[in-house]
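The structure appears below as structure tokens.
Throughout, a chain's letter reflects where its sequence line sits, starting with A, and its residues are numbered from 1.
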Amino acid sequence: MPHRYGVLTERLLDILIASLNSHRIPLKMGWELLELYQYGRLDSPKGRLILKRACTISEPEKTKMVLRRDVR
Amino acid sequence: MSDRPAFTVELVPRDPLWKTALLSVICERLGFDGLWVSDHFFNRNVFIALTEIAHRTRRIMLGPAVVNPYLHHPVTIAQMVATLHELAEGRVRLAVGAGDSISLSRIGIKRYRPLERVAQCVKTVRDLLSGKTMTNLRLEIPATVSPPIFVGAQGRRMMEVAVEVADGVLVNWSNLQRLRESSKIVAARLGGRDGFTLGAHLIVSIHEDPAKARKTAVPFAAYLMVGSSEDILDSLGVSANMRDEVARCLTAFDWERLYSISGGEWVDYFSIWGTPARLEEDISVILEMGYNEIVFGGPLGPRPYTAIRTISKIIGRLKRG
């Protein structure tokens, strides 16, 4: 069964996967994200932080909008 | 043909390797049966990507689709498949095709006698993997491997080659009429032979807003259109000038211009785009034609992660019947 992540994490994953700017994300951060996903830890505080960072690097405006919506 | 249809995804390794690997893990978790990784010399290397995917996944089938004998010598293909098998025993498949003549011409390779080259490549790879010695040549890899070998095809004669030499065919059309014609060609050639996989390799773009789905499909449909024969383009009313202009847009990454000239029906012809409901209807029709593998390729949608999750739900419903 696929691991179910929270709504914010899913929205950020949507941004991350759709981005054409993934090359801007440091490779080390990319591999760390993969490990976090693989072991179901993207929703942990560390996982969420790295996912937010990666999304902000690749798609700053879209990430800002999603995070703003989350705060509301 | 196999009983239960397989639902697979084509990954294009144009992004950093970690992202392709992430997508492979996502696909495995969502219940897809397999992954095909495309091979273009301008993207990340297909076999290195498959190596990482083999490490990261446990269940899902995997293989390159499609490699061509102009860019890779059959011996090299056999060697890479045999090595990949050691990482993912029993999960490896291979698809061979003639390649894209426009891409090959960019590196000075002329695609001559594609039918013969593909057929010979499949035979050579199969022989080498089974441990045969061929005129002073054999692989020094002890285990014999017999991965299912597919041929990627669009035309009638390549489909016939597939039936003759391979275990399956990946029909590279995203048009229901063409897929129906292709299924008849293959069925006639098979003459009731079992165990052959008839795969539909689709360019898919889905979104709740069909206009967004169509826009995302345009560049992918354009690549196929530009590489199509004049007969097909004539039937679609695409002039040589239009084709050249689309080709120029693709080469120059001039997307705005490409979108502005992509109002024609050729986008519908070379891709399946629309709402998830439309995709589900089309997949049901394709399965009824006798296809027993559906490869979801292309952009998948403006939001590929959402699209993959949506497609996995569609598959769940189709599997439950």
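The contact between B/I26 and chain A is made by backbone and side chain atoms together, counting heavy-atom distances below 4.5 Å. Of the atoms belonging to A/I15, not a single heavy atom falls under 4.5 Å from chain B. Within the 4.5 angstrom heavy-atom criterion, no atom of B/P299 approaches chain A.
More than 12 heavy atoms of other residues, nucleotides or ligands lie within 6.0 Å of CZ in A/R48, so this atom counts as buried by the packing criterion. No more than 12 heavy atoms of other residues, nucleotides or ligands lie within 6.0 Å of NZ in A/K46, so this atom counts as exposed by the packing criterion. Within a 6.0 Å sphere centred on CZ of B/F42, heavy atoms belonging to other residues, nucleotides or ligands number more than 12.
By the 4.5 Å heavy-atom criterion applied to side chains, A/H23 and B/K19 are not counted as neighbours. Using a 4.5 Å cut-off on side-chain heavy atoms (C-beta onward), A/E10 and B/Y305 make contact. In this structure, the side chains of B/L17 and A/W31 come closer than 4.5 Å at one or more pairs of heavy atoms.
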Should A/E32 and B/W18 be marked as a side chain to side chain contact (heavy atoms under 4.5 Å, CB included) after you check the CA-CA gap, both sets of side-chain angles, and the distance that decides it?
CA-CA 9 Å; A/E32 205 170 357; B/W18 63 263; over 6 Å; no
So B/E28 and A/Q38, side chain to side chain contact (heavy atoms under 4.5 Å, CB included) or not? Walk me through it.
CA-CA 11 Å; B/E28 181 166 79; A/Q38 199 168 9; over 6 Å; no
B/D15/A/I17 under side chain to side chain contact (heavy atoms under 4.5 Å, CB included): CA gap, chis, key distance, verdict
CA-CA 10 Å; B/D15 284 310; A/I17 300 295; over 6 Å; no
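Residues of residues 271-283 of chain B placed with any heavy atom under 4.5 Å of a heavy atom in chain A are absent; none qualify. For residues 48-56 of chain B, a heavy-atom distance under 4.5 Å to chain A picks out B/E52, B/R56, given by residue number.
Distance check: B/L22 CG to A/L34 CG gives 5.5 Å after rounding to the nearest 0.5 Å.
The two residues A/A18 and B/P302 come nearest to each other via the heavy atoms CB-O, 3.8 Å.
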